[in-house]
Amino acid sequence: MTRLGVGRGTLRLRSGGPTALGGVPGGAAIGAALGTLAAFLGEVRAPESLLLLLTVAGGLAGAFPLSRRVLHWGAGLLSLLLALCLLTPVLLGPLNALSLEQRPQTADAIVILGGGVQCGTRGLAASSQTRLLAGLELWRAGYAPVVTVSEQSDLFSATCPKMSVIEREVIRKLYPQHGPQVLTLSNVTTTRDEAARVRDLAQQSNWTRVLLVTSPSHSRRAAGMFAAQLDARGVSVISVPAPETRFDATLPLPSDRLYALQVVLYEWLSRAKQGVGGTPER
């Protein structure tokens with residue numbers, strides 16, 4: 001609302017507070033930014049719907065004074081925390097705490113955990129490829145005669161090619177003759193499923209030790225889930241993580257720290273979900 005005021009012979013325009021409509025674009029912009037951040041940091045499986053939801057929610061919050069203040073203060077605090085993570089090496093400690101690296105030993109099998117598939121290109125995700133190559137290096141070094149690959153379930157996408165099929169084809173191309181014995185962990189959705197499949201194989205084949213290959217940030221949590229399934233059956237689990245290829249683990253650059261923040265948040269949320277009885281993520 002605009003009023004005309006007269007004081008000491010002069011005309012003055014007084015503007016009232018922002019209207020409800022005026023706060024909507026700013027709130028929607030903040031909501032869109034939060035949706036983008038959540039889609040990246042949380043590896044959200046349906047980022048389009050989340051982005052739309054947060055954009056609309058931000059616009060609605062911007063329409064009312066109280067919710068607008070909460071939105072602005074919350075976004076400001078989140079920005080400060082994000083800046084701390086990107087401008088300093090504060091994530092080094094939490095990142096290193098996620099990793100469990102042990103010296104490889106002679107074993108019965110090398111368990112290569114799945115890291116995902118690019119459905120559009122029908123190729124392996126970068127983490128899957130890195131894990132596969134690291135597992136094959138252990139096989140070439142003579143640590144075990146058997147490697148396992150994972151076949152993902154159709155829970156999230158029935159149209160994606162099977163990860164195990166692609167990995168077997170990669171192995172055949174690399175070693176057309178005298179390659180490793182390859183076993184498939186069928187119909188898995190989570191790391192817990194993979195551990196259960198390995199438990200069954202270990203019982204059938206009398207395995208006593210397996211080498212576990214996954215990404216460094218996933219290695220400690222994965223080793224714990226495998227130990228929970230295998231220790232009671234006399235099968236030891238040795239964690240031999242693959243190299244980290246998504247970012248420099250010493251975190252010299254803000255871009256490295258951003259990807260580190262992604263994996264740290266993902267692992268923390270997965271552990272929290274598992275702690276309250278939910279299904280752990282991959």
Side-chain angles (χ1 to χ4, degrees), residues 95-118 121-152 161-186 188 191 193-195 197-199 201-202 205-227 229-230 235-251 256 259-260 263 267 282:
L95 184 65
N96 292 333
L98 298 175
S99 180
L100 175 62
E101 184 170 3
Q102 298 171 304
R103 185 183 299 275
Q105 302 176 32
T106 302
D108 298 294
I110 300 163
V111 178
I112 304 170
L113 299 188
V117 175
Q118 300 290 355
T121 61
R122 305 183 72 80
L124 292 175
S127 56
S128 288
Q129 186 168 351
T130 302
R131 296 173 189 184
L132 177 61
L133 295 178
L136 291 175
E137 286 182 8
L138 292 170
W139 168 76
R140 284 201 308 270
Y143 284 105
V146 176
V147 300
T148 73
V149 294
S150 296
E151 173 198 72
Q152 80 275 25
K162 294 302 182 184
M163 185 165 41
S164 56
V165 173
I166 300 174
E167 290 181 321
R168 282 178 172 274
E169 184 60 28
V170 170
I171 294 172
R172 277 194 296 268
K173 288 180 179 179
L174 289 174
Y175 307 103
Q177 295 179 337
H178 311 298
Q181 180 184 355
V182 183
L183 301 178
T184 298
L185 310 181
S186 60
V188 301
T191 304
D193 294 338
E194 291 173 306
R197 304 294 185 274
V198 172
R199 177 200 62 204
L201 286 174
S205 305
N206 296 317
W207 291 349
T208 59
R209 181 183 295 135
V210 297
L211 302 183
L212 185 62
V213 180
T214 186
S215 301
S217 59
H218 182 229
S219 58
R220 187 174 295 276
R221 181 165 62 92
M225 282 189 278
F226 268 75
Q229 299 263 10
L230 299 177
V235 182
S236 60
V237 179
I238 307 297
S239 176
V240 189
E244 180 58 74
T245 57
R246 292 169 292 179
F247 56 91
D248 186 334
T250 64
L251 307 185
D256 297 312
Y259 280 100
V263 301
E267 283 297 318
R282 63 184 185 276

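FYI, the numbering just counts along the sequence from 1. In this text the structure is predicted, and so the values were computed from the model without any measurement.
By the side-chain contact (heavy atoms from CB on, under 4.5 Å) test, T250 pairs with D248, P252, sequence neighbours left out. With sequence neighbours excluded, the residues forming a side-chain contact (heavy atoms from CB on, under 4.5 Å) with A223 are L100, L212, S239, listed by chain and number. Looking at residues two or more places apart in sequence or on another chain, you find no side-chain hydrogen bond (donor to acceptor under 3.5 Å, both in side chains) involving N96. Here V235 pairs with A202, V210, L230 under the side-chain contact (heavy atoms from CB on, under 4.5 Å) rule; sequence neighbours left out. Listed by chain and number, the residues in a side-chain hydrogen bond (donor to acceptor under 3.5 Å, both in side chains) with T208 are D108 (sequence neighbours excluded). Partners of R199 by side-chain hydrogen bond (donor to acceptor under 3.5 Å, both in side chains), not counting sequence neighbours, listed by chain and number: Q229. Legend: residues meeting salt bridge (Lys or Arg N to Asp or Glu O under 4.0 Å) with E151, ordered by chain and number and at least two apart, are absent. Remark: R122 engages no residue in a side-chain hydrogen bond (donor to acceptor under 3.5 Å, both in side chains) (not counting sequence neighbours).
Here the side chains of P180 and L136 are in contact, with some heavy-atom distance below 4.5 Å.
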Please table the atom pairs, donor to acceptor, closer than 3.5 Å between any side-chain atom in residues 143-150 and protein atoms at least two apart or in another chain.
| residue | atom | partner | partner atom | Å |
| --- | --- | --- | --- | --- |
| S150 | OG | E194 | OE2 | 2.5 |

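Between the CZ atom of R221 and the OG1 atom of T214 there is a distance of 8.5 Å, given to the nearest 0.5 Å. The CD atom of E244 lies 7.5 Å from the CG atom of L95; values are rounded to the nearest 0.5 Å. A distance of 8.5 Å separates OG1 of T245 from CD of Q129, quoted to the nearest 0.5 Å. Between atom CD of residue Q105 and atom CG of residue L211 there is a gap of 8.0 Å, rounded to the nearest 0.5 Å. Here the straight-line distance linking atom CG of L133 with atom CD1 of I171 works out to 9.5 Å at 0.5 Å rounding.
Screening I166, I112, V213 for a side-chain contact (heavy atoms from CB on, under 4.5 Å) involving L132 leaves a single residue, I112.
Around the CZ atom of F247, the shell of radius 6.0 Å holds more than 12 heavy atoms that belong to other residues, nucleotides or ligands.
In terms of modelled atom types and a separation under 3.5 Å, the side chain of Q181 and the main chain of L183 share no donor-acceptor contact. For the pair S128 (side chain) and G114 (backbone), a donor-acceptor distance under 3.5 Å is absent. Between the side chain of R209 and the backbone N or O of T106, at least one donor-acceptor pair lies under 3.5 Å. Side-chain N or O atoms of Q152 include one that pairs as donor or acceptor with a backbone N or O of P161 at under 3.5 Å.
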### Query
Step by step, would you call R246 with V263 a side chain to side chain contact (heavy atoms under 4.5 Å, CB included)?
CA-CA 10 Å; R246 292 169 292 179; V263 301; 3.5 Å; yes

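The list of ring pair (Phe, Tyr, Trp, His ring centres under 6.0 Å) pairs with a residue in residues 164-186, not counting sequence neighbours, reads W139-Y175. For residues 164-176, the salt bridge (charged side-chain N to carboxylate O under 4.0 Å, His left out) pairs, not counting sequence neighbours, are E169-R172.
The shortest heavy-atom contact between Q102 and V240 is O-CG2, 4.0 Å. Of all heavy-atom pairs between I110 and G135, the closest is CD1-O, 3.7 Å. In plain terms, the two heavy atoms of A109 and W207 that are nearest each other are CB-CH2, 3.6 Å.
No donor-acceptor contact under 3.5 angstrom links the side chains of S127 and H218, judged on distance only.
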